Amino acid sequence: MRKTIVAGNWKMNASKESVDSLIKDILSGMHEVSSDVIVCAPFPYLSQVEALISNSNLMLGAQNLNVNSKGAFTGEVSANMIKDFGAQHVIVGHSERRSLYGESSAIVAEKTKASIDAGLTPILCVGESLEDRESGDTEIVVAEQLNAVISLLGIEAFNGIIVAYEPVWAIGTGLTATPEQAQSVHLFIRNLLAASDESIAKNTSILYGGSMNASNAADLISCPDIDGGLIGGAALKAADFLQICKAG
Ligand code: PGA
């Protein structure tokens, strides 16, 4: 049985004060939550979140990493540094990284490898643009993004990867994929993994992301191949985030 996972992606939204109250408010509702819950904080706040969530079942993640383990890479952060602050997860290949920072599927595969090598669980994001969807290329795009990881790391790597399907046109737009649209791509992803290894495919958690909120989360998460959510905007409000966590 795959456990429901809800991950909050705060993106570049935080201050010491907001992190303090957001985490405290989330923690106060966690006793009603049975899903696994992860908060992915910007790098400067990892330490603060680490301290706030100690002795709780809330888990910590980062939002990006450099593929190198150390060295002359000014401004960059390695997987080991992220681990050093008690994080277990890292988002890899978010569409904002792919589109704004030129991360190709090959780079995303390298980042996936760097996270796994350091003992982090990557949350590997895949998803099509509006143009891809309108030209009927959703499956081609998602397959290319996944195959880049499979060809570098082998299917076995998916034993330690969480996949997040995030249609780019749904991210931050309020345009959520319908449960049918999302389920169809989730099933496509699971079948693609199953073509290499059925049991790995069955055990891989595939989260949906893209304007998931307190009102639509339950319908999405109840789809057979949707195992939780990667939440942007709604993860910044404790009440909404907790509502989503409870939907699992
Ligand atoms: P959103 O973002 O929930 O604000 O659409 C999701 C994401 O980018 O991970």
Side-chain angles (χ1 to χ4, degrees), residues 4-14 18-19 22 26 35-43 45 49 59-65 82 87-103 105 108 111-112 115 120-130 132-133 138 141-142 145-146 161-179 181-183 185-186 189 205-221 223 226-248:
T4 302
I5 300 170
V6 178
N9 173 12
W10 295 350
K11 308 192 180 185
M12 202 171 71
N13 300 294
S18 73
V19 166
L22 180 55
I26 294 171
S35 313
D36 282 351
V37 184
I38 306 159
V39 287
C40 298
F43 295 135
Y45 300 93
V49 178
M59 291 182 279
L60 176 60
Q63 301 172 13
N64 182 32
L65 77 163
I82 293 168
Q88 291 148 288
H89 298 82
V90 59
I91 297 172
V92 172
H94 189 278
S95 72
E96 285 150 20
R97 303 280 337 156
R98 292 180 191 259
S99 66
L100 302 174
Y101 301 97
E103 290 188 12
S105 292
V108 173
K111 290 191 172 193
T112 306
S115 352
L120 290 169
T121 300
I123 302 173
L124 169 65
C125 302
V126 297
E128 82 289 359
S129 66
L130 185 58
D132 298 327
R133 175 159 284 262
T138 296
V141 169
V142 169
Q145 293 168 337
L146 287 168
I161 292 175
I162 296 169
V163 177
Y165 167 59
E166 297 207 304
V168 179
W169 48 272
I171 295 177
T173 57
L175 278 177
T176 318
T178 63
Q181 284 173 321
Q183 164 60 25
V185 183
H186 280 237
I189 292 170
S205 294
I206 309 175
L207 315 184
Y208 169 80
S211 300
M212 192 186 266
N213 58 40
S215 343
N216 60 30
D219 283 346
L220 285 156
I221 295 176
C223 293
I226 302 183
D227 307 313
L230 179 56
I231 320 298
L236 297 169
K237 293 190 200 114
D240 290 8
F241 188 61
L242 281 168
Q243 191 73 39
I244 299 169
C245 295
K246 284 183 222 163

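Ligands are counted one by one from 1 in listed order, and the atoms in each one are counted from 1 as well. We're numbering straight along the sequence, starting at 1. Because the structure is predicted, anything quoted here is derived from the model rather than measured.
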>> Quick check: do Val185 and Tyr208 have side-chain heavy atoms less than 4.5 Å from each other?
In response: no
> Do Asn213 and Asn216 come within less than 4.5 Å of each other through their side chains, counting heavy atoms only?
Replying inline: yes
>> Applying side chain to side chain contact (heavy atoms under 4.5 Å, CB included), can you list everything that pairs with Asn13, at least two apart in sequence or on another chain?
In response: Lys11, Leu236
> With Arg133, which residues qualify under side chain to side chain donor-acceptor pair (under 3.5 Å), at least two apart?
Replying inline: Glu128, Tyr165
>> Test: salt bridge (charged side-chain N to carboxylate O under 4.0 Å, His left out). Region: residues 166-177. Which pairs qualify, not counting sequence neighbours?
In response: none
> Looking at NE2 of His89 and OG1 of Thr121, how far apart are the two atoms once the value is rounded to the nearest 0.5 Å?
Replying inline: 4.5 Å
>> Distance under 4.0 Å, heavy atoms only, partner ligand 1: which residues pass?
In response: Asn9, Lys11, His94, Glu166, Ala170, Ile171, Gly172, Gly210, Ser211, Leu230, Ile231, Gly232, Gly233
